[in-house]
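Single-structure report; data block below.
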Number of protein chains: 2
Amino acid sequence: MPNLTDFIEEYLKKLLAISSRRYVDIKRHELASKFDCVPSQINYVLASRFSLERGYLVESRRGCSGFIRIYRVEPVNLVSWSELLEEIAADSFNPLRALHFLKRSCEEKLVSRREALIIESLLRDDYYDGLGASRDEIRRLQKKLFKAALEAVLKGGY
Amino acid sequence: MPNLTDFIEEYLKKLLAISSRRYVDIKRHELASKFDCVPSQINYVLASRFSLERGYLVESRRGCSGFIRIYRVEPVNLVSWSELLEEIAADSFNPLRALHFLKRSCEEKLVSRREALIIESLLRDDYYDGLGASRDEIRRLQKKLFKAALEAVLKGGY
DNA sequence: TGGAGTTTGACCTTTACTGACCTTTGTTGT
DNA sequence: ACAACAAAGGTCAGTAAAGGTCAAACTCCA
C-alpha cells in the first residue's frame, strides 16, 4: 500500500532517469498541485527520500521564480564514500579520524589537494577558541561543516 | 526558469562582453522599454547583479541626457586579491559580501567551482545555530574559517 | 497500543517587481 | 540672466510569489 510520499518519490526518480543532466528542477507548488497535497509535503519527500545518504542532493532558490533542484549523486568510489558517510553519521565526531579519511579521499582522487587543504582548515581546533561553546558543541559544529564541505564536493560533480 | 532580472543581467553582460571598452553606457528608460518594465526595475538589476562584490561598478548622471555607466572592474591580481581579502575579512565581517567576493574569485579562476562551493558552505548561518555563541562571536568564527580556507587554497598552489 | 512514519497548516524568509514621489541637470522663453 | 519646465535617474516602501520550518495531528502496524 504505497502512500503519497512513495508516489512522489517514484515520480521524481523517473524524472531523474529520463533527464539528460545530473539533476532535475521542479517547482514546489506545481508538484504539490500535481499530487494534490500541501507544498510542505514536497519537503518531507525530499528530506526522507532524497537525502545524501540515499545518494541525492537538493538545492533551491527562494523568491519569485524560485525552484528546487535535485541532483543524483554518483560517488566515484562507493566504498570510500560510504565510509565517509558513516564517519559523518557517527555520534561523536572525531576530527582526527575525519582528517584520516580526508587524506585517503585525497589519495583516491575523490578530492583534490587544494580541496583537502580547505576542509582541513575546518578541523583546526584553535579557530574555535574564544567561542563560549563547549567541546561537544564545537564537535557538532565541525561535523556539520565537514559534512557540508563533502556535500559541496559531491554537488560540484566531475 | 529565468526571470526578467536574469534576462536583463544577461543582456548587460553581453553588452559588456562585446564592448571594446571597460564599460557600457545605457539609458535607464530605453532599457526599461526594451524589456517592457518600469525603470526602477533596472535599478534592481544593477543593485542585485552588478554590485562591487560581484566585480562591477555603476555610476550615473541624472538630468537631461543622463546615463548609467556599468564598469567591469579589472581582474584582480594576487596582491590586490589578498588586500581585498583583508578588506572582506575586516572587523565587521559580512557573509554576503564574502559570498560575492567568493563568486568573483571563482569567475577569476582563482578558485574552482567546487572549492567555491566548499567555502560557501562555511558561510551558512544556520550551521552555527545551537551554539551558545553570540552573533558577533559567530561572525568572528566565520571570518577566521573563511580567511583560513582561502589562504589554504592560495598556499596549496596547483 | 505505542512509536515510527506521514500529512497538514500556520507562520517565516527570500527574491522579484511596481509605483509614487524625489533629486539632478539641461533647455527655453522673456 | 533666470525662472520655469522637461527629461533624465534615485529611493523606498509595499506587494506578490516563490520556498523553508516546525510542531501538531493522523495512520499504520508490530
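All chains are named by letter (A, B, ...) in the order of the sequence lines, taking the proteins before the strands, and each is independently numbered beginning at 1.
- A salt bridge (Lys or Arg N to Asp or Glu O under 4.0 Å) check over residues 60-71 of chain B, counting only residues at least two apart or in different chains, returns the pairs B:Asp25-B:Arg69.
- Protein atom CZ of A:Phe7 is 17 Å distant from nucleotide atom C1' of C:dG5, rounded to whole Å.
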Practice task
Classify every nucleotide of nucleotides 12-22 of chain C by which part a protein heavy atom approaches to under 4.0 Å, writing B for the base, S for the sugar-phosphate alone and - for neither, in 5'-to-3' order.
Solution key: -BBBBSBB---
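- In this structure, B:Lys27 contributes its side chain and B:Gly66 its backbone to a donor-acceptor pair below 3.5 Å.
- Summarising the geometry, the separation between CG on A:Asp25 and P on D:dG19 is reported as 11 Å, rounded to the nearest angstrom.
- Residues passing the salt bridge (charged side-chain N to carboxylate O under 4.0 Å, His left out) test with B:Arg22 are B:Glu74, sequence neighbours excluded.
- Atom P of nucleotide D:dG19 and atom CZ of A:Phe50 are separated by 16 Å, given to the nearest angstrom.
- Counting to the nearest Å, the C1' atom of D:dG20 and the NE2 atom of A:His29 are 16 Å from each other.
- Checked against ring pair (Phe, Tyr, Trp, His ring centres under 6.0 Å), B:Tyr56 has the following partners two or more places apart in sequence or in another chain: B:Phe50.
- In this structure, A:Leu31 places its CG atom 15 Å from C1' of C:dT7, rounding to the nearest Å.
- Computed from coordinates, the A:Phe67 CZ to D:dG19 P distance equals 10 Å when rounded to whole Å.
- For the pair A:Arg28 CZ and C:dT7 C1', the interatomic distance rounds to 14 Å; values are reported in whole Å.
- Residue-level contact check: A:Ile42 touches neither bases nor backbone, having no heavy atom under 4.0 Å from any strand.
- One interatomic measurement links the two molecules: CG of B:Leu46 to P of D:dT11, which rounds to 11 Å at whole-angstrom precision.
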Tell me which donor-acceptor pairs under 3.5 Å the side chains of residues 32-47 of chain A have, and how far apart each pair is, sequence neighbours excluded?
| unit_1 | atom_1 | unit_2 | atom_2 | d |
| --- | --- | --- | --- | --- |
| A:Ser33 | OG | A:His29 | O | 3.1 |
| A:Gln41 | NE2 | A:Thr5 | OG1 | 3.0 |
| A:Asn43 | OD1 | A:Arg28 | NH1 | 2.6 |

Would you list the atom pairs, donor with acceptor, under 3.5 Å between side chains in residues 7-20 of chain B and any protein atom, with sequence neighbours excluded?
| unit_1 | atom_1 | unit_2 | atom_2 | d |
| --- | --- | --- | --- | --- |
| B:Glu9 | OE1 | B:Arg49 | NE | 3.1 |
| B:Glu9 | OE2 | B:Lys13 | NZ | 2.9 |
| B:Ser19 | OG | B:Arg21 | N | 3.0 |
| B:Ser19 | OG | B:Arg21 | O | 3.2 |
| B:Ser19 | OG | B:Tyr23 | O | 3.2 |

